[in-house]
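Heads up: the structure comes next, in structure tokens.
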Amino acid sequence: MIYFKFCTFISVLLIFWANGVYSDKTCAARQIEGQSVVCVCNTTYCDEITRARPDGDGAYIAYTSSKEGSRFKKIFGELESYENDDIFKTVLTLDPNKKYQFIEGFGGAVTDSTALNWKNLSDPQLMQYLIDSYFSSTGLEYNVVRLPIGGTDFSTHAYAYNDEPEDDVNLTHFNLTSEDYDLKLPMLKAIFEASSTSVHVLATTWSPPVWMKSNHAFSGKSHLLPEYYSTYALYHLKFIEMYTALGVPIWGITTTNEPVNGDLGVTKINCLGWSAEDMGQWIANDLGPLIRNSTFKDIKILSVDDQRPLVLYFFNLMVQEHPECLKYIDGVAVHFYIDTITPPAVFNTITKNYPDKFIMATEGCKGSLFFEKKVQLGAWDRAVAYFTDILEDLNYNLVGWIDWNMCLNDKGGPTYVGNYVDSPIIVFPENGEFVKQPTFYAMGHFSKFIPRGSLRIDVEQSKPLLSKSVDNVALVTPDDTTVVVLYNSESSERKVKIRLNDQQATLTLEADSITTIEINA
Ligand SMILES: *[C@@H]1O[C@H](CO)[C@@H](O)[C@H](O)[C@H]1NC(C)=O
Ligand SMILES: *[C@@H]1O[C@H](CO)[C@@H](O)[C@H](O)[C@H]1NC(C)=O
Ligand SMILES: *[C@@H]1O[C@H](CO)[C@@H](O)[C@H](O)[C@H]1NC(C)=O
Ligand SMILES: *[C@@H]1O[C@H](CO)[C@@H](O)[C@H](O)[C@H]1NC(C)=O
Ligand SMILES: *[C@@H]1O[C@H](CO)[C@@H](O)[C@H](O)[C@H]1NC(C)=O
């Protein structure tokens with residue numbers, strides 16, 4: 001009996017310890033010359049971050065990451081009573097009564113290359129550290145994963161399912177491949193084990209088998225052959241059925257990755273071209289009815305899944321030509337790559353014209369543009385590119401943001417078409433380590449503190465004349481805390497007051513930093 005109680009006591013202690021109530025593990029920083037730091041994880045050490053509810057009414061915890069090298073540095077505080085001394089201060093006044101969109105979540109993609117790099121770490125503890133870094137309560141608490149249906153450019157070769165026999169209209173030979181069985185499914189299982197919330201999987205096809213396509217190739221200008229419209233819909237249903245049967249339920253699908261690429265034929269990436277008219281027809285006549293009549297009728301269908309400058313045009317045209325497709329579409333998916341050339345106001349138009357459709361960012365990374373360096377270790381400017389985009393998207397009603405490959409090797413691959421890019425985690429299996437880039441923490445400042453079901457609230461900013469505004473977003477969480485994410489783009493410290501009801505917090509933001517504050521109020 002005493003022995004039993006002693007064990008209970010020890011296990012309670014262990015649970016506390018495992019939940020990190022007592023301590024975070026700090027970043028094992030490695031300074032990169034001319035850049036910020038990366039945090040190094042090896043077979044015996046990996047940094048951790050815990051999020052505890054601020055203790056008591058009016059208490060808050062602020063977490064800061066900066067160019068200088070802070071990574072989730074914690075500061076504890078209490079709201080003070082309101083003082084009206086605004087004139088030379090930057091003040092953010094929160095209005096929890098003005099509520100906007102519901103947050104679905106944040107995450108990354110389990111591409112073949114992501115899973116391959118993860119597996120290539122070989123050491124079980126190191127592999128676990130990578131999964132925990134993204135998904136566990138000591139990590140970023142990601143709750144969304146994008147999952148390719150078949151291959152992408154981040155595979156070691158070109159393939160789809162049911163590549164053979166050709167013209168198999170009923171897909172009688174549909175089966176998953178070794179990439180699923182040996183790489184992606186094991187990684188997804190490890191993710192589900194590590195995660196304390198439900199992880200929503202969003203699946204996307206880059207290219208179907210070449211026999212369904214006008215150009216009989218995985219990339220290049222193409223469209224779906226009309227005789228295979230219903231087959232391509234069935235292709236999605238079969239994938240959903242198989243993954244579900246193997247213990248990985250699918251939350252949603254998009255209606256083909258970057259349809260305009262394949263329509264223009266401008267890339268070597270696996271693709272399928274769609275005009276907006278044809279896609280509207282396929283959704284209205286084939287995909288929509290098949291999915292909504294199946295066991296999987298509640299799956300979310302997200303359309304467009306292409307760059308910001310195209311979404312409004314493509315979506316409007318699709319709906320204009322085939323209004324029935326709207327009946328099947330839950331949301332609009334958008335990619336990050338050329339966001340800076342289009343103002344986010346396009347999202348307001350979508351929200352206004354289609355108030356029952358949500359908008360979600362489903363892919364983004366740095367290093368993809370021809371003039372960019374591929375992998376850049378320690379790049380703070382890349383973290384800035386991530387979090388300024390996420391801040392902007394959230395302020396224009398997006399419900400979530402999904403990063404691209406969750407880990408790549410030091411070249412930014414493997415990618416069988418040579419489309420090397422950067423990733424928030426870069427693996428070095430030969431050294432028994434992986435490193436967490438500044439972009440990893442950029443994601444975490446949102447994913448960890450904005451759980452699914454949070455609602456964005458209104459913020460008004462007043463600031464001294466001529467000083468820059470502080471980019472921000474504020475939300476209330478399902479646990480009734482208030483979260484504000486703030487970016488100080490100045491190369492010096494900056495004081496900001498956050499006002500909520502009749503109280504305020506005064507924060508000193510580090511130079512070039514991002515701060516998330518969670519307030520128990
Ligand atoms: C792992 O990293 C920790 C912290 O930086 C360090 O103390 C330890 O020596 C490293 N272990 C190995 C095997 O490199
Ligand atoms: C495909 O399935 C349908 C419905 O089950 C059937 O009528 C049709 O003959 C099949 N086509 C081929 C080529 O087997
Ligand atoms: C699919 O492939 C797996 C692994 O090779 C095999 O065990 C399974 O029987 C196949 N299923 C079908 C339906 O062919
Ligand atoms: C189910 O399929 C039928 C026949 O194809 C179609 O008319 C109907 O609209 C579908 N149901 C839904 C909910 O899409
Ligand atoms: C796996 O790691 C080894 C070093 O341990 C490396 O030589 C190999 O290229 C890696 N494989 C891939 C696909 O990156």
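Position 1 is the first residue of the sequence, and the numbers go up from there.
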* **Partner set under ring-ring contact (aromatic ring centres under 6.0 Å, His included) for His335, not counting sequence neighbours** => none
* Any sub-3.5 Å donor-acceptor pair from Asp24's side-chain atoms to Thr26's backbone N or O? -> no
* Asked: side-chain hydrogen bond (donor to acceptor under 3.5 Å, both in side chains) with Tyr100: which residues, sequence neighbours excluded?
  -> Asp458
* Structure fact -> When rounded to the nearest 0.5 Å, the distance separating CD of Glu510 from OG of Ser65 is 8.5 Å
* Structure fact -> Residues passing the ring-ring contact (aromatic ring centres under 6.0 Å, His included) test with Tyr129, sequence neighbours excluded, are none
* side-chain hydrogen bond (donor to acceptor under 3.5 Å, both in side chains) against Ser447, all qualifying residues, sequence neighbours excluded -> none
* Asked: Can you tell if the side chain of Phe449 reaches within under 4.5 Å of the side chain of Glu141, non-hydrogen atoms only?
  -> no
* Parallel, tilted or perpendicular, as decided by the 30° and 60° cut-offs, for the rings of Phe440 and Tyr134 -> tilted
* Structure fact -> Across all chains, not counting sequence neighbours, the salt bridge (charged side-chain N to carboxylate O under 4.0 Å, His left out) partners of Glu258 are none
* Side-chain ion pair, Arg499 and Asp95, N-O less than 4.0 Å -> no
* To do: Quick one: sort the Phe387 and Tyr487 rings into parallel, tilted or perpendicular, breaks at 30° and 60°.
  => perpendicular
* **Test side-chain hydrogen bond (donor to acceptor under 3.5 Å, both in side chains) applied to Asn472 - qualifying residues, sequence neighbours left out** => none
* Parallel under 30°, tilted from 30 to 60°, perpendicular over 60°: which one fits the rings of His445 and Phe72? -> tilted
